[in-house]
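Contents: one structure, followed by commentary.
Keep in mind that the numbers below use all heavy atoms, side chains included, and drop hydrogens, waters and symmetry copies. Numbered from 1 within each chain, the chains take letters A, B, ... in sequence-line order.
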There are 2 protein chains.
Amino acid sequence: MKIDRTVVKALPLFDRMSDEDLDKLLGHAAARRVPQGESVFEQGQPAVSFYLLLHGRLKVTQVTEDGQQIIVRVVHPGDLFGFAKALQRTDYPGTAIAAAESLTLGWPTDLWPSFVEHNPRLAVTAMQTIGQRLEEAHTRIREMSTQEVERRVAHVVLRLARKAGRKEEGGIRIDFPISRQDIAEMTGTTLHTVSRILSAWEGLGLVEGGRQKLLVRNIPGLSELAEGLKDHS
Amino acid sequence: MKIDRTVVKALPLFDRMSDEDLDKLLGHAAARRVPQGESVFEQGQPAVSFYLLLHGRLKVTQVTEDGQQIIVRVVHPGDLFGFAKALQRTDYPGTAIAAAESLTLGWPTDLWPSFVEHNPRLAVTAMQTIGQRLEEAHTRIREMSTQEVERRVAHVVLRLARKAGRKEEGGIRIDFPISRQDIAEMTGTTLHTVSRILSAWEGLGLVEGGRQKLLVRNIPGLSELAEGLKDHS
DNA sequence: CGATCAGTTGAAAACAATCAATGCCGGTGG
DNA sequence: CCACCGGCATTGATTGTTTTCAACTGATCG
């Protein structure tokens, strides 16, 4: 499929690339529409491609030997993902599932080295991206080590509102279908506990729930909770 | 201080580098002896250098706004650490403290780009290292999300035995001073809980404790616990 | 329109944190 | 050389959060 240059030109990752180089890059790319619920790649498969998310939303999950699932991260439009090969891995460490209908751009991993060579900026950006991801992971570890569940859920919801929020009358809508189970898998708890917490918040007017829906009504209030300032009666 | 080439030649990071290049690299390096309890750098300080640990053992810690501490990772001999600048950070995200008397080699961060340019292998290795670290972080997140404290402690102890174990009559000695508090900060629990767990294990003949000491007597037994196979009466 | 999936909510149980007291080891200084 | 002090560790009792178990409701989709 032929991709228009202007689609990706807007992304920070490519904004300094010449039209010429960009066209060459896109010549090798394969665009793919991923319906909700389908996966781009699965945990353990050989890493044959790396990807860019153009539109939609993906959840990257891992399953433990004993069958428990966690959500490693959420992929937002403009994010690179699945570049296991750049980290010297031969297989994908997780599964990428479309939480909403998505559009991805994929390149064969073999091309990674030549890309980087022709485009040093890409290498720097990739490095930076991984660095950010490492920091995010450490943040999560810190939160899981030191904070009780409610604060962790508050942090996750705020993060989602920031990265996937769409303004709406009455608050900020999380712009893709997300279940209590998903939030539980992001915070290391159970859907029951998440449900209880969200119900309580709804009672306080902080959020408004719904089946796979979430509307954040009061960001400052949630932030207070997240920072642990709330006098926890 | 002048460093002998043979000291670092043994490390995988440098084993394919020419003597010439290596000498040039070491010409810019500053060796430093770090007594137990002292820090190489502290959280929040501007990242002026990146380092290689030649000897000893370091704990990298982070302190949360509300004063709680966690151990992000343990640095073993041969590990690169403190290369925040490579990840586009201007300051160190954590504090590196010598758990035992240590010897470090430091380079100004400004030199990183030219190093990488003259030595592409270093870039690849660095990328790989960060990739590994990201995976470790995810492993930790997975464990904290899905496993109870005892299994997490078992995993940490096994990891320590693998990375910092010295064979000894009767078992594997963790080869640097480590307190219950440290283990608590690595597993996201309290020193009380760790103490109880280790006491129980000592009763089962799995380990042998002591003030800042740990001897692992039964690796397979601990592994069973770590994998959750143990019938948890 | 029935089946399935997401969510809610109560009750009980389990796990780990907190509170509290005490013991022990190792080093320092009298 | 001994006594004391401080940091590390142990252990019991209690509290509280979160999980687990279980039952049920309501929405959505074929």
Donor-acceptor contacts, no H, no angles, side chain residues 70-86 of chain B, under 3.5 Å, sequence neighbours left out:
{"unit_1": "B:R73", "atom_1": "NH2", "unit_2": "B:L80", "atom_2": "O", "d": "3.0"}
{"unit_1": "B:H76", "atom_1": "ND1", "unit_2": "B:R57", "atom_2": "NH1", "d": "2.6"}
{"unit_1": "B:D79", "atom_1": "OD2", "unit_2": "B:H76", "atom_2": "N", "d": "3.1"}

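Atom-to-atom, CG of B:L214 to P of D:dT10 comes out at 10 Å; the value is rounded to the nearest Å. In this structure, A:R211 places its CZ atom 16 Å from P of D:dT25, rounding to the nearest Å. Whole-Å rounding puts the A:E150 CD to D:dG16 P distance at 16 Å. For the pair A:Q212 CD and D:dG26 C1', the interatomic distance rounds to 14 Å; values are reported in whole Å. Here the C1' atom of nucleotide C:dT8 and the CD atom of A:Q181 are 14 Å apart, to the nearest Å. For the pair B:L191 CG and C:dA16 P, the computed distance is 15 Å after rounding to whole Å.
Summarising the geometry, atom CD1 belonging to B:I141 is positioned 8.5 Å from atom NE2 belonging to A:H138; distances are rounded to the nearest 0.5 Å.
Here the side chain of A:T146 pairs no donor or acceptor atom with the backbone of B:Q68 at under 3.5 angstrom. Looking only at distances, no side-chain donor or acceptor of A:S102 sits under 3.5 Å from a matching main-chain atom of A:A98. With B:T104 contributing its side chain and B:Y51 its backbone, the two residues share no donor-acceptor pair below 3.5 Å.
Across residues 192-207 of chain A, A:H192, A:S195, A:R196, A:S199 each have a non-hydrogen atom less than 4.0 Å from an atom of DNA chain C (numbered order).
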Take B:I174 and B:L215 through the side-chain contact (heavy atoms from CB on, under 4.5 Å) test and state the conclusion after the steps.
CA-CA 6 Å; B:I174 306 301; B:L215 178 71; over 6 Å; no

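Looking at the side chain of A:T190, the nearest of the listed nucleotides D:dT19, D:dT28, C:dC15 is D:dT19.
Salt bridge status for B:R217 with B:E208: present, with a side-chain N to carboxylate O gap under 4.0 Å. Under the 4.0 Å criterion applied to side-chain N and carboxylate O atoms, A:R180 and A:D182 are not assigned as salt-bridge partners.
In the helix from C:dC1-D:dG30 to C:dG30-D:dC1, the rotation axis of the first five pairs and that of the last five pairs differ in direction by 30°, rounded to 10 degrees.
In this structure, A:G188 and A:K213 both approach DNA chain D, and ranking their closest nucleotides by distance from the 5' end singles out A:G188.
Contact check, A:R180 against C:dG7: a side-chain N or O comes under 4.0 Å of OP1 or OP2.
Exactly one residue among A:H55, A:E38, A:E101 makes a side chain to side chain donor-acceptor pair (under 3.5 Å) with A:R33. That residue is A:E101.
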